[in-house]
Amino acid sequence: MSNYKAIPDSVTVIGPHEMVNNINVLKTEKVLLSNVKTNISTTVKLVLPEHTNDLKFSTKNVGFVANVEKFTEGTVKIPIQIINLPKDVLIKYFPKEVKVSYYTSLDNFSKIKANDFKVICDYNKVNTNQSVLIPELVKAPEGVKHVKLNQQKIEFIILK
């Protein structure tokens, strides 16, 4: 969901200066939505401060409007970068790339590129006698959700 707004976006409050001056923000009642599949347009009550008999509000309700975008799943293959590998150590590792799956809006889908992601394996995190590296996603583009690496271990051997 993106591009949501309250209509009106502000409320006029009339009353004694001391009381009006203490009001910086007005909240709405909680809006709970589930399985939203279409754009939203509804009315929500304002939560007015207590003991406001001397105050007048230009409205006691606001419209809540939100545009709902359709999402799709995407996958890209991302090359793995090994970091903190000592200069005197050579390794061979497999696989050289991992699949990354993600969700994004249909509008954003064509803008997502493989080089928007970065996957690393940190050699400093390898324990003695361990033959696997753990891939970590360290960069993902804005607008993607639920990013997941489809490979949890990268096998490696040290070349002598």
> Does P49 reach the side chain of L26, with side-chain heavy atoms less than 4.5 Å apart?
yes

> Should I7 and V65 count as side-chain neighbours, where that means a heavy-atom distance under 4.5 Å?
yes

> Is there a side chain to side chain contact (heavy atoms under 4.5 Å, CB included) between S101 and N150? Walk through the geometry before answering.
CA-CA 7 Å; S101 58; N150 294 351; 3.5 Å; yes

> Closest heavy-atom contact between V132 and Q130?
O-NE2, 2.8 Å

> Hey, what do you get for CD1 (I91) to SG (C121), rounding to the nearest 0.5 Å?
8.0 Å

> Would you say K56's side chain and N53's backbone share a donor-acceptor pair under 3.5 angstrom?
no

> Identify the heavy atoms of N21 and N24 that sit nearest to each other, and give their distance.
O-OD1, 4.1 Å

> Enter the distance from I40:CD1 to N67:CG here, rounded to the nearest 0.5 Å.
9.0 Å

> Do I120 and F117 land in one hydrophobic cluster if side-chain heavy atoms of ILVMFWY residues count as linked below 4.5 Å?
no

> So D54 and M19, side chain to side chain contact (heavy atoms under 4.5 Å, CB included) or not? Walk me through it.
CA-CA 9 Å; D54 295 336; M19 293 179 79; 4.1 Å; yes

> Other than V25, what residues sit in its cluster of Ile, Leu, Val, Met, Phe, Trp and Tyr side chains whose heavy atoms are under 4.5 Å apart, directly or through others?
none

> Would you kindly confirm whether I154 and I83 end up in one hydrophobic cluster when ILVMFWY residues are joined by side chain heavy atoms under 4.5 Å apart?
no

> I'd like to know if the side chain of Q151 reaches the main chain of K153, judged simply by a donor and an acceptor atom lying under 3.5 Å from each other, with no hydrogens or angles considered.
yes

> Evaluate the criterion side chain to side chain contact (heavy atoms under 4.5 Å, CB included) for residue pair K145 and F71; output intermediate values, then yes/no.
CA-CA 10 Å; K145 308 245 188 263; F71 272 67; 4.2 Å; yes

> Would you compute the distance between atom CD1 of I14 and atom CZ of F57 and round it to the nearest 0.5 angstrom?
10.5 Å

> Decide if atom CD of E73 counts as having more than 12 heavy atoms of other residues, nucleotides or ligands within a radius under 6.0 Å.
yes

> Would you find a donor on one side and an acceptor on the other, under 3.5 Å apart, between the side chain of D116 and the backbone of K113?
yes

> For the residue pair K96 and Y93, would you count it as a cation-pi contact if the rule is NZ or CZ under 6.0 angstrom from the ring centre and within 45 degrees of the ring axis?
yes

> Does the side chain of P79 reach to within under 4.5 Å of the side chain of V119, using non-hydrogen atoms?
no

> To the nearest 0.5 angstrom, please state how far the OH atom of Y123 sits from the CD1 atom of I158.
3.5 Å

> Does the pair T28 and N61 meet the rule for a side chain to side chain contact (heavy atoms under 4.5 Å, CB included), with working shown?
CA-CA 8 Å; T28 66; N61 300 300; over 6 Å; no

> Any non-hydrogen side-chain atom of T43 less than 4.5 Å from a side-chain atom of V62?
no

> Is it possible for you to say whether V147 and V138 belong to one hydrophobic cluster, with membership spreading through side-chain heavy-atom contacts below 4.5 Å?
no

> Using modelled atom types only, decide if a donor and an acceptor are shared between the side chain of D9 and the backbone of K5 within a distance under 3.5 Å.
no

> Can you check whether F109's main-chain N or O pairs, donor with acceptor, with T104's side chain at less than 3.5 Å?
no

> Is any side-chain heavy atom of L55 closer than 4.5 Å to one of P16?
yes

> In chain order, what residues pass the salt bridge (Lys or Arg N to Asp or Glu O under 4.0 Å) check against K60, with sequence neighbours excluded?
none

> Could you measure the distance from the OG1 atom of T72 to the CG atom of L106? Nearest 0.5 Å is fine.
5.5 Å

> Taking all non-hydrogen atoms of both residues into account, name the closest pair between L137 and A140 and its distance.
CD2-CB, 4.2 Å

> Is a side-chain donor or acceptor of N39 paired with a backbone partner of V68 at a separation under 3.5 angstrom?
yes

> Looking at every heavy atom in both E29 and V47, which two are closest together, and how far apart are they?
N-CG2, 3.7 Å

> Are I134 and I80 co-members of a hydrophobic cluster defined by side-chain heavy atoms under 4.5 Å apart?
no

> On a heavy-atom basis, which atom in D122 and which in E136 lie closest, and how many Å separate them?
CB-OE2, 4.2 Å

> Answer yes or no: does atom NZ of K139 have more than 12 heavy-atom neighbours from other residues, nucleotides or ligands under 6.0 Å?
yes

> With side chains defined as the heavy atoms from C-beta onward, is the minimum distance between I78 and K118 less than 4.5 Å?
no

> Measure the OH-CG distance between Y102 and L149 for me, rounded to the nearest 0.5 Å.
13.5 Å

> I want to know whether F156 and F94 have ring centres closer than 6.0 Å.
no

> More than 12 heavy atoms of other residues, nucleotides or ligands under 6.0 Å from CD of E155: is that the case?
no

> Considering only heavy atoms from C-beta outward, does the side chain of Y103 approach that of H146 to under 4.5 Å?
yes

> Is the shortest heavy-atom distance from the side chain of P135 to the side chain of Q152 under 4.5 Å?
no

